[in-house]
S.K.: 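Following this message is one structure expressed as structure tokens.
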Amino acid sequence: MAGKVKREKWSENFSEWYNELIETAGIQDKRYPVKGMNIWLPYGLKIMRNIERFIHSEMERTGHEEVLFPALIPETEFQKEAEHIAGFEGEVFWVTHAGHDPLDIRLILRPTSETAMYSMFSLWIRSHADLPFKVYQIVNTYRYETKHTRPLIRVREISRFFEAHTAHDSYEDAERQIREDLEIFDRLAKFLAIPYIISKRPDWDKFPGAYYSLGAEIMMPDGRTLQIGTMHNYRQNFAKAYDIKYETEEGEHEYVHQTTFGMSERLLAAVMAIHGDDNGLVLPPTIAPIQVVVVPIPKKDAEADVFAYAREIAEELRNAGIRVHVDERDIRPGRKYYDWELKGVPVRIEVGPRDVEGRKAVIARRDTLTKEVVERAEIVEAVRKTFDGIMDNLYNRAKEFLESHIKRVDTIEEAKAVFEDRRGIVEIPWCGSEECGLKMEEELDAKMLGTPYPEEKARIEGKKCPVCGREAKFIARFARTY
RNA sequence: GGGGCCGUAGGGUAGCCUGGUCCAUCCUGCGGGCUUUGGGAGCCCGUGACCCGGGUUCGAAUCCCGGCGGCCCCA
């Protein structure tokens, strides 16, 4: 069924494929004269907004309130949590002057908002009745990335940074929050038809200031992984640094437990990369700004009929709540097909004189590039069914891709063999020591993503750490990452 | 941190080694005209560029120095 779909460039020359598509599909213009800062173009922004709309509705559903904090943070606030500063100070942008005069207290452009928010949390949170306290925002954040920047993936201005921050009366309730975050993430991933894995980060790679960190990864076409979501349990680390206390029912004063949940425009990068092919974007209907494009195929003497028929079909689809566009440009139909394929429109309806006469239409699917003839009367139903088929197909194809790139091995040699072609994720037994973990990172020239979450105890029975030979306590995942 | 390559219209490129033949090639895009319309049609006209600064020279896209920017490899 997918015989016409080509993914040669997509898999063999992913970087080039991606960079071209960002511009040709109208996602972003990367010619802005500051490295790592790009311009959202209307089409790309519409897709991103559709992703965010779903995030907002999930936040609403789970009782998070939206807030907006300033982008500037005084250095005195920023420096309150030691690990956090250590983790970020090398990559923050400083505001040191106002006009000609140096500032008494310098400001940073937020790289993330913990240090902006938490002194306010300490003012807002008074009582156990205020807990759990759950807020979120979607804002731009700034990090002076020194590695290669890449649109949507590694940027110096993350322009759609989602961050949910919560405070709780106990570690257990914070853990419940992490489970809720995982559930929200799962629903979002299904909405985008992207399969993923969750790993608990090793201690040396957790978020600066966190007690532990979870990361959600997807498999990119070139076999590297991309982190698209994180959940952190801070325990009371930040609460102690920012003095966030509440009064218990017994009148005691206790520090809150905190969590965060983060995502960004990398979600769009993931959608582009996972579903795309050599013809361009392939958007899940859930987020496509245009879900159906109607292309009239005029014949000289029947032009008016064909256009009227196309508009009539579009109107009916629109009334059924479908985002539809009629392409009435005066260019040849073939050219239109290529244009809309590039932009990833999930369904194209072609109507020509033959269809007008026979009361039919041709439905073409973007994911498989196949066509089918449907009756005019059944068009809304046929389009809906096609959407479902596309969602299923996209998800299943991507899941197969992800799973076929995860290899379970027991020795360093086997792991090295997997990375020979620089592709995939290796799962290998591990004793849990930092020394052995770092040793494996070095040997494999790959990063430890962490250990499967939730833990998979059964899989390590009788296994040994391939570095030290001691009994394995975990499965460790390694991959080349973005 | 170390090394290498590169910067020419909106995008992609030729020219650079061996300075003059270059008011800079071709493709694409964009504007216009004729013609066409079930998978990027054709022809014609038009539009648009040598990263910045300094130097060498009668003469610099081309050689030299510096800056800025991009890409790649190694650690």
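What you are looking at is a predicted structure, and each value in this text was computed from that prediction instead of being measured. Just so it is clear: chains get the letters A, B, ... in the order the sequence lines come, proteins before strands, and each one is counted from 1.
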S.K.: A/Lys35 has a side chain; which of B/U37, B/G70, B/G10 sits nearest to it?
M.R.: B/G70
S.K.: Record whether the side chain of A/Arg348 comes under 3.5 Å of the base of B/G39 through a donor-acceptor pair of N or O atoms.
M.R.: yes
S.K.: Could you say whether A/Ser15 or A/Ile331 is positioned toward the 5' end of RNA chain B, judged by the nucleotide with the nearest heavy atom to each?
M.R.: A/Ile331
S.K.: May I ask you to verify whether the side chain of A/Glu341 and the base of B/G39 hold a donor-acceptor pair under 3.5 Å?
M.R.: yes
S.K.: Does A/Lys371 reach a base, just sugar-phosphate, or nothing at all? Heavy atoms under 4.0 Å.
M.R.: base
S.K.: May I ask you to evaluate whether A/Lys336 reaches the phosphate of B/G39, defined as a side-chain N or O under 4.0 Å from OP1 or OP2?
M.R.: no
S.K.: Which string of ( ) [ ] | and . matches RNA chain B, if you list each base 5' to 3' and count Watson-Crick or G-U pairs only when both distances are under 3.5 Å?
M.R.: (((((((..(((.......[.....)))((((((.......))))))...(((((..]....)))))))))))).
S.K.: Is the ring pair A/His405/A/Phe401 parallel, tilted or perpendicular, if the boundaries are 30 and 60 degrees?
M.R.: tilted
S.K.: Using a heavy-atom cut-off of under 4.0 Å over every strand shown, decide if A/Arg354 touches base, sugar-phosphate, or nothing.
M.R.: base
S.K.: Might you list the N or O atoms of the protein lying below 3.5 Å from N or O atoms in nucleotides 40-49 of chain B, with each pair's distance?
M.R.:
| residue | atom | partner | partner atom | Å |
| --- | --- | --- | --- | --- |
| B/G40 | N2 | A/Arg335 | NE | 3.2 |
| B/G40 | N2 | A/Asp339 | OD1 | 3.4 |
| B/A41 | OP2 | A/Arg332 | NE | 3.0 |

S.K.: Report the residue (A/Glu23 or A/Asp330) whose heavy-atom-nearest nucleotide on RNA chain B is the more 5′ of the two.
M.R.: A/Glu23
S.K.: What about A/Asp355, does its side chain sit under 3.5 Å from the base of B/G38 through a donor-acceptor pair?
M.R.: yes
S.K.: Aromatic rings A/Trp430 and A/Phe474: how do their planes relate, parallel, tilted or perpendicular, breaks at 30° and 60°?
M.R.: tilted
S.K.: Evaluate A/His84 against A/Phe238 for ring pair (Phe, Tyr, Trp, His ring centres under 6.0 Å), listing each step before the verdict.
M.R.: CA-CA 9 Å; A/His84 188 77; A/Phe238 282 95; 5.4 Å; yes
S.K.: At a cut-off of 3.5 Å, list every protein nitrogen or oxygen paired with a nitrogen or oxygen from nucleotides 2-4 of chain B, distance to 0.1 Å.
M.R.:
none

